[in-house]
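The next block holds one structure in the form of structure tokens; read it before the comments.
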Amino acid sequence: YSVGIIGAPFSKGQPRDGVEKGPDLIRAAGLVEKLKAQGCAVKDYGNVTFEEVANDEPIGNVKRPRAVGSANQRLSAAVHAVKNDGHTCVMLGGDHSLAIGSIQGHAAAKKDLSVVWVDAHADINTPLTSPTGNIHGQPMSYLIHELQSKIPVLPNFSWIKPCVSAKDIVYIGLRDVDPEEHHILKLLGIKVYSMTEVDRLGIAKVMEETCDYIFSKVKKPIHLSYDIDALDPSISPATGTPVVGGLTYREGIYITEHICQTGLLSAVDMVEVNPERGRTDDEISSTVNAAVDLIRGCFGKLREG
Ligand SMILES: CN[C@](CCCC[B-](O)(O)O)(CCN1CCCCC1)C(=O)O
Ligand SMILES: [Mn+2]
Ligand SMILES: [Mn+2]
Ligand SMILES: [Mn+2]
């Protein structure tokens, strides 16, 4: 596997400080060395630098639109470059608003994508449905063709081109979905494996069905967008919006092992690690180490040896 790593130390898609420390914490836990030790070629492209945006007043209830738009435009260019260099891209967040730039940059290089979104949340609020105005709860709405009539003009967002079809998306791990988001998911007929389905089917069946579903038509490169809060807070407490009843460590790893064996993984986001949300060093290291292990599972690390 040839891996290109991008750090995106960005936090303005949500209100809590600390998530911008995620990229360097994940590196400090030995991500590059561990990927090399399991046989990957790894190039670390460093961290994207983001511009300071003054007077970034809310528009409607959408918070920090100019900073989020600008950051994602820069991230999009960085991801595009990593893909053009022929690597599988690993984007280390930072908050989940960064999926806008990550998926946009990936689509610029690979055209038709399938998206596997692993998260406690659907992150599919539009600017008009969001209960908080935090853009980390909205990224998918800017990317999906079928939602574009619902997206108002926002400063620094005009560069975004919708690039994902509702039929090419699968959600895994949902357990905290806003009513309006649920309406959107139903309206668009988006495939969802909530924690109920994980419990009912078991993770092996969920992954079998996920792959059958995204490969049922033509096989597309996979964009795996992994929010660390998909895991149960007993494993990954150091995150901005923890929700009880999450994936076990083993379920989380099974997902990445299964996606890896498809041979179609083209880009990965690992987002929402926030050390300032950990109450102890153990909570922080448990969260960071889970993120590292999930990424290792994407690139051939097998529990059997
Ligand atoms: C579920 N939607 C939330 C959370 C988004 C989490 C983003 B992620 O990147 O971490 O997944 C929360 C909205 N609720 C907040 C508490 C009161 C009810 C609404 C939102 O702010 O849109
Ligand atoms: Mn701080
Ligand atoms: Mn998320
Ligand atoms: Mn989440």
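Just so you know, ligand 1 is whichever comes first in the structure, and atom 1 is the first atom listed for that ligand.
Using a 4.0 Å cut-off between a side-chain N of Lys or Arg and a carboxylate O of Asp or Glu, Glu197 and Arg200 qualify as a salt bridge.
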Derivation of the salt bridge (charged side-chain N to carboxylate O under 4.0 Å, His left out) call for Glu276 and Lys21:
CA-CA 9 Å; Glu276 294 184 17; Lys21 295 174 179 164; 2.7 Å; yes

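Sorted by chain then number, the residues whose non-hydrogen atoms approach ligand 1 to under 4.0 Å are His96, Asp119, His121, Asp123, Asn125, Pro131, Thr132, His136, Gly137, Asp176, Asp178, Glu181, Asp227, Asp229, Thr241, Glu272.
Protein atoms of type N/O/S that fall under 2.8 Å from the Mn ion (ligand 4) number 5 in this view.
The salt bridge (charged side-chain N to carboxylate O under 4.0 Å, His left out) pairs that include a residue from residues 46-61 are Asp56-Arg64, Asp56-Arg66, where partners are two or more places apart or lie in different chains.
Side-chain contact, Ser114 with His223: no donor N or O sits under 3.5 Å from an acceptor N or O.
Tyr1 and Ile6 are not part of a single hydrophobic cluster, where members link through side-chain heavy atoms under 4.5 Å apart.
Using a 4.5 Å heavy-atom threshold, the side chains of Arg303 and Arg250 count as touching. A 4.5 Å side-chain heavy-atom check between Asp229 and Ser236 finds every atom pair outside the cut-off.
You'll find the ring centres of Tyr142 and Phe157 inside the 6.0 Å limit.
Listed by chain and number, the residues in a ring pair (Phe, Tyr, Trp, His ring centres under 6.0 Å) with Tyr45 are His87 (sequence neighbours excluded).
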